[in-house]
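Written below as structure tokens is the structure these notes are about.
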Amino acid sequence: MAFFGIFKRSAAELKDIRCLVVTAMLIGLELALKGLTIEVMDNLKVSVAFITKASVGMLYGPTVAFFGGLVSDIIGFIIKPTGAFSPLFTLQEGFAAMLYGLFLYNLKLSRKELHDKTLQKQSTIQIIRIVLAKLSVVVFINLLYTPFALIVTNSMAAGELVYGSVLTGYPVRLMKNAIQFPADCILLIAFLPIVSTAYNLVFKRNIKVNKEPVGKEPL
């Protein structure tokens, strides 16, 4: 029940206008970052847009992140179509974002905590969550789901089972993900605390201002 509870708590975030606005801003940033994607070869690309997915998952959980991933992919396809539209790859974006949300929801890690020795144990746990989040995306999405989606899509287009090119390119995919994994973890560890710190500072300040009595000048 605790597992499904995280989806329920995340879904409740959708009632907050702040969640919708911040998520929309992060989706816009993701689309901009996707424009900077480097294509190494067919179906193998290097991008830092995943940081925005992880940020949505960290702030609002797996349910919001899943729908954010779907919306991001659909808008991205409308802006810049790449081949025929496939719901499988739209779901891929949603599932990847959802995994970030499962591991990172309510992550409590700031720049200060990273350098505070008294919080070293707590910080280590949070960093492990980040590494596990990225590892889950690499294994379940990049190495399992994506090849499956490619085989299904190619087979439907050809009218017969086509898997040779996907299997031939799998060692390269495996090597690319193995090399990129530590770099992506470092990026997440570097940027997520910044996002969390900025978010808390902005909205804690707004709450404080909103609590000022009407008509009373602040001291």
Side-chain angles (χ1 to χ4, degrees), residues 26 29-58 62 65-66 68-70 72-73 76-77 80-104 107 109 114 124-158 160-195:
L26 288 171
L29 179 58
E30 179 182 356
L31 294 173
L33 291 174
K34 280 183 176 179
L36 304 176
T37 298
I38 300 173
E39 186 167 350
V40 180
M41 59 182 65
D42 289 343
N43 301 316
L44 288 178
K45 303 175 182 179
V46 176
S47 172
V48 295
F50 69 93
I51 295 175
T52 59
K53 280 189 175 63
S55 297
V56 174
M58 174 184 68
F66 175 76
L70 299 184
S72 173
D73 184 76
F77 181 82
K80 187 179 179 181
T82 53
F85 176 78
S86 173
L88 286 176
F89 292 109
T90 298
L91 286 173
Q92 171 186 295
E93 296 295 314
F95 289 143
M98 183 186 72
L99 286 173
Y100 283 122
L102 280 172
F103 282 91
L104 302 179
L107 183 81
L109 185 64
L114 283 174
T124 300
I125 294 174
Q126 308 308 317
I127 291 173
I128 290 174
R129 288 174 61 186
I130 293 175
V131 173
L132 289 176
K134 187 61 195 181
L135 182 62
S136 70
V137 172
V138 168
V139 173
F140 293 111
I141 303 300
N142 298 354
L143 299 181
L144 295 178
Y145 183 91
T146 300
F148 165 76
L150 286 170
I151 291 173
V152 172
T153 302
N154 294 340
S155 298
M156 290 180 65
E160 60 180 351
L161 182 62
V162 178
Y163 58 87
S165 60
V166 175
L167 295 182
T168 302
Y170 197 82
V172 177
R173 176 181 295 277
L174 187 63
M175 183 180 298
K176 178 255 183 182
N177 278 276
I179 294 172
Q180 192 174 347
F181 172 69
D184 288 350
C185 287
I186 291 172
L187 287 172
L188 288 173
I189 292 169
F191 283 98
L192 288 183
I194 296 175
V195 174

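Positions are given from 1 along the sequence.
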Discussion item. Checking Thr90 now: which residues fulfil side-chain hydrogen bond (donor to acceptor under 3.5 Å, both in side chains) with it, not counting sequence neighbours?
Written reply: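 Only Asp73 meet the side-chain hydrogen bond (donor to acceptor under 3.5 Å, both in side chains) criterion with Thr90.
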Worksheet entry | Sequence-distant partners of Lys134, salt bridge (Lys or Arg N to Asp or Glu O under 4.0 Å), two or more places apart |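 With sequence neighbours excluded, Lys134 shows a salt bridge (Lys or Arg N to Asp or Glu O under 4.0 Å) to Asp184, given in chain and number order.
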Just verifying a value: how many Å separate [X] [atom1] and [Y] [atom2], rounded to the nearest 0.5 Å?
| X | Y | atom1 | atom2 | answer |
| --- | --- | --- | --- | --- |
| Ile130 | Leu135 | CD1 | CG | 13.5 Å |
| Leu161 | Asn154 | CG | CG | 10.0 Å |
| Thr153 | Leu88 | OG1 | CG | 5.0 Å |
| Met58 | Leu26 | CE | CG | 8.5 Å |

Discussion item. Run the side chain to side chain contact (heavy atoms under 4.5 Å, CB included) test against Phe103 and tell me which residues pass, sequence neighbours left out.
Written reply: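 Side chain to side chain contact (heavy atoms under 4.5 Å, CB included) list for Phe103, sorted by chain: Leu132, Ala133, Ser136.
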Worksheet item: Excluding sequence neighbours, so at least two apart, what forms side chain to side chain contact (heavy atoms under 4.5 Å, CB included) with Ala65?
Response: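 Side chain to side chain contact (heavy atoms under 4.5 Å, CB included) list for Ala65, sorted by chain: Val56, Ala97.
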Worksheet item: Hey, is the main chain of Ile51 close enough, under 3.5 Å, to the side chain of Ser55 for a donor-acceptor pair?
Response: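 Confirmed, Ser55 side chain pairs with Ile51 backbone.
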Worksheet item: So, does Ser155 use its side chain to make a donor-acceptor pair with the main chain of Val152 at under 3.5 Å?
Response: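 Answer holds: no.
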Discussion item. Applying salt bridge (Lys or Arg N to Asp or Glu O under 4.0 Å) as the test, list every pair that has at least one member in residues 139-157; sequence neighbours left out.
Written reply: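 Qualifying pairs, neighbours excluded: none.
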Item to complete: Could you list all the salt bridge (Lys or Arg N to Asp or Glu O under 4.0 Å) pairs where at least one residue sits in residues 84-103, not counting sequence neighbours?
Response: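 Qualifying pairs, neighbours excluded: Lys34-Glu93, Lys53-Glu93.
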Taking ring pair (Phe, Tyr, Trp, His ring centres under 6.0 Å) as the definition, give me every residue that meets it alongside [X], ordered by chain and number, with sequence neighbours left out.
| X | result |
| --- | --- |
| Phe140 | none |
| Phe148 | none |
| Phe95 | Phe66, Tyr145 |

Taking distance alone, no hydrogens or angles, what donor-acceptor pairs closer than 3.5 Å link side-chain atoms of residues 162-171 to residues at least two apart or in another chain?
residue : atom : partner : partner atom : Å
Thr168  : OG1  : Gly164  : O            : 2.7
Tyr170  : OH   : Leu143  : O            : 2.8

Fill in: side chain to side chain contact (heavy atoms under 4.5 Å, CB included) assessment of Gln180 paired with Asn142
CA-CA 12 Å; Gln180 192 174 347; Asn142 298 354; over 6 Å; no
Worksheet item: Less than 4.5 Å apart, any side-chain heavy atom of Gln126 and any of Leu192?
Response: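 A side-chain contact under 4.5 Å is absent here.
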For [X] and [Y], which heavy atoms make the closest approach, and how far apart are they?
| X | Y | result |
| --- | --- | --- |
| Arg129 | Leu104 | NH2-C, 3.4 Å |
| Leu188 | Pro193 | O-CD, 3.8 Å |
| Leu99 | Ile141 | CD1-CG1, 3.8 Å |
| Val48 | Leu187 | CG1-CD1, 4.0 Å |

